[in-house]
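Worksheet: the structure to be examined is printed underneath.
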Amino acid sequence: MQTWAYGWDHPTLGRRQTRVAWLLEPIADGTRVTICHAGFGGLREAAAEHAKGWARVLAWLQAHIETGKLAAA
């Protein structure tokens, strides 16, 4: 687990510290990656925004693993 906080006043989260935990599990076709980003209590917009960001980043990771190439940001 690690903690995360912006060094500036993020529009929806401010400088609130959050926690990121990840779990790597072997599965038949590879590895399942599970991310839990917590600490958004009462900040639904910030939580939704970060969930979309994780989906984007994990899609880039999957594309890189499958093709060996970096995905366009």
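Contact annotation: the side chain of Trp22 never approaches that of Met1 to less than 4.5 Å [non-hydrogen atoms, C-beta and beyond].
A distance of 6.0 Å separates NE2 in His50 from OG1 in Thr12, rounded to the nearest 0.5 Å. The line from CD of Glu66 to CD of Gln62 is 4.0 Å long, rounded to the nearest 0.5 Å.
Note: the hydrophobic cluster containing Leu58 does not contain Leu23 (ILVMFWY, side chain heavy atoms under 4.5 Å, direct or indirect links).
In this structure, Arg15 contributes its side chain and Gly7 its backbone to a donor-acceptor pair below 3.5 Å.
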Return all side-chain donor-acceptor pairs below 3.5 angstrom for residues 26-47, not counting sequence neighbours, or 'none' if the list is empty.
unit_1: His37; atom_1: ND1; unit_2: Trp54; atom_2: NE1; d: 2.8
unit_1: His37; atom_1: NE2; unit_2: Thr18; atom_2: OG1; d: 2.7

